[in-house]
Amino acid sequence: MLRHLISAADLSRDDAVLILDTAEEMARVADRPIKKLPTLRGRTVVNLFFEDSTRTRISFEAAEKRLSADVINFTAKGSSVSKGESLKDTAQTLEAMGVDAVVIRHGASGAPYRLATSGWIDAAVINAGDGTHQHPTQALLDAFTMRRRLVGRDTGLGRDLAGRRITIVGDILHSRVARSNVDLLHTLGAQVTLVAPPTLVPVGVERWPCDVSYDIDTVLPGSDAVMMLRVQRERMNAAYFPTEREYARRYGLNGDRMARMPGHAIVMHPGPMVRGMEITAEVADSDRCTALEQVTNGVSIRMAVLYLLLGGNEPAVTHTRTEEK
Amino acid sequence: MSKILIRGARVLGGDPQDVLIDGGTIAAVGTGLTAGDATVVEAAGQVLLPGLVDLHTHLREPGREDSETVLTGTRAAAVGGFTAVHAMANTFPVADTAGVVEQVWRLGREHGYCDVQPVGAVTVGLEGKQLAELGAMHDSAAGVMVFSDDGKCVDDAVIMRRALEYVKAFGGVVAQHAQEPRLTEGAQMNEGVVSAELGLGGWPAVAEESIIARDVLLAAHVGSRIHICHLSTAGSVEIVRWAKSKGWDVTAEVTPHHLLLTDELVRSYDPVYKVNPPLRTEADVLALREALADGTIDCVATDHAPHPHEDKDCEWAAAAMGMVGLETALSVVQHTMVDSGLLDWAQVADRMSFRPARIGRLAGHGRPVSEGEPANLTLVDAAYRGEVDPAGFASRSRNTPYRGRELPGRVTHTWLRGRATVVDGKLV
Ligand SMILES: [Zn+2]
């Protein structure tokens, strides 16, 4: 395994499958009366959040606590960072406290990479989202959700997503979720199609291992999973699209469009969902929508990543599978 | 002032000759020269060039003396083989009045490592709204001939037109930093495959090219001359080539780093590669080299942009833009242009001394290496190979992209009006 998790592109197929399989093990812990493993007892993990994201922070924190790690939450808001203290200063302060892993969320693309490669600290670095660059644990939890739904919870073990057709719709340009998913899903053998208005597709996308379409209706019937990305209203003001109504008409997922997806196909959303523009309430509330499962799966994935990065050599969970039956 | 005999140097890369300096001028050029009381510099195999001239240097004084001062910047220039530099106007306060340009000019004279020719701001405070007192800066002791809001683009077409027209009165030139501001909002690197992958705001080539296209048309319309700073794209080259084919008075410069480095390096997220304009693609680099070779691009200018360590030792988004360049410029040009066969040394003299001096209307620099000319000279050991070690830089800043990189060539001596500023690679 890697020493840090900065980008989904850094994961080999075997690394990714190992993480997904380990996450299945971790998921079983959640079904136990006592949802805790002693695995990271005595290890300290810092959640270093320079950008607000309660959902992601709580997910990491739950994962860390289920593995019995000592957890320090550091949010830049109201801290010395707002007085001009740099990422480097903050990192070195944490290093001096003997931290084993840093989970970092930062508004600047590349900040976690800098942290991992600059020599400022020795701890393992886990990217919890940087600018418009990467959010690898989100991609892993998405892949985990897809494998469970499209391949099977038990039958999926050891397997990837070969041949599955995944469609990602929305603000690709500014989305670290899209970047991470394209990288990871390609590694796992899936075929990815990005759908967006041309203004929200990055220049240079032709080199990505995926297809690009401007027309959602032609893509939906051939999709096994459709991932709807959040579209921020500010983008409208910056002239990325004319009006909310037009965006919803051309790129939003509503009941009619969902009906044209194959029967087994799922609808995904990284959250938080704003019902209206990119996804209607009807779709969001349907049982094909996996948004809440994705949240649950996020904890299992983050447990798996922390466990593997912090040098887990023994099986993460000591029980055998027969115990469960 | 004593006499100096430079023995056996390849003048502009030609056959070995001797050059005798007497006082501030070249007294003789020939073979078998003798002068009993002269200090002899054995220069067999070395290349003798006219002192290099930089059209685009940031000296940071006044205001950011923690990055560079006129003293440290001109020392770095001398080490790099320069005898004259143009000091850009984006200081604190901005060099937009006669007082500030005179201050910078006087500091250059006092320190004496190279001549400092201040560049005046085009607009007050570089704000792009009101013309600065261009005439007063020209009439000052500094005798400003080049005007630029560098660091910012003069994006208002009317202001640009007026500036181009106004400086015609005294033969000045406007040097434009071509960057359409709206197209580069939030931009952090070249827009393309690498920016898409790294999730860094893209800086499209067309943001540079559209301004250059507009400005060469404006300059042609009002019959003025214009200089384009630091071309970075193949498309910019095409526009300048087209403008020159029309016979318009357009000149352009390229930095050493845009002749060598590409945006692939940004994958490291190392802010040492963060620069304005951004590093572009391999195809752009090749087009720029070709354009410098065929004369479409007139000269090399360093855009020496010193920054203190803490402004670069951070995440990419927070880092300052710019690189130091005075001390490595000639080595990078040798590496990219001479060793690759695109330019000979006489052409290097043209692109790094004759033409920049002519664009800046700088008397006494960019002159032939011949009898009676000012003794502004640079001696280069072109056979030298070595790794760049910024620890030894004369510049106050160390933000070089070449740390640990092997580059050819070393300036062994620099003479400013017959006085050695660098001997055996060391400042004197
Ligand atoms: Zn500039």
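So you know, we letter chains A, B, ... as the sequences are listed, proteins then strands, and number each from 1. In what follows, every heavy atom counts, from backbone to side chain, and hydrogens, waters and symmetry copies are set aside.
Only the side chain of A:His106 comes within contact range of chain B, judged by heavy atoms closer than 4.5 Å.
Relative to the ring axis of A:Phe60, A:Arg302 places its NZ or CZ within 45° and under 6.0 Å from the centre.
When each of B:Val194, B:Asp270, B:Asp313 is checked for heavy-atom pairs under 4.5 Å with chain A, B:Asp313 comes out on top. Counting heavy-atom pairs under 4.5 Å between each of A:Pro202, A:Gly107, A:Gly110, A:Ala108 and chain B puts A:Gly110 at the top.
A donor atom on one side chain and an acceptor atom on the other are not found under 3.5 Å apart for B:Asp150 and B:Gln176.
Between A:Tyr247 and A:Phe241, the ring planes are tilted. Angles from 30° to 60° get that label.
Shown are B:His58, B:His56, B:His258; of these, the ring-ring contact (aromatic ring centres under 6.0 Å, His included) with B:His230 is made only by B:His56.
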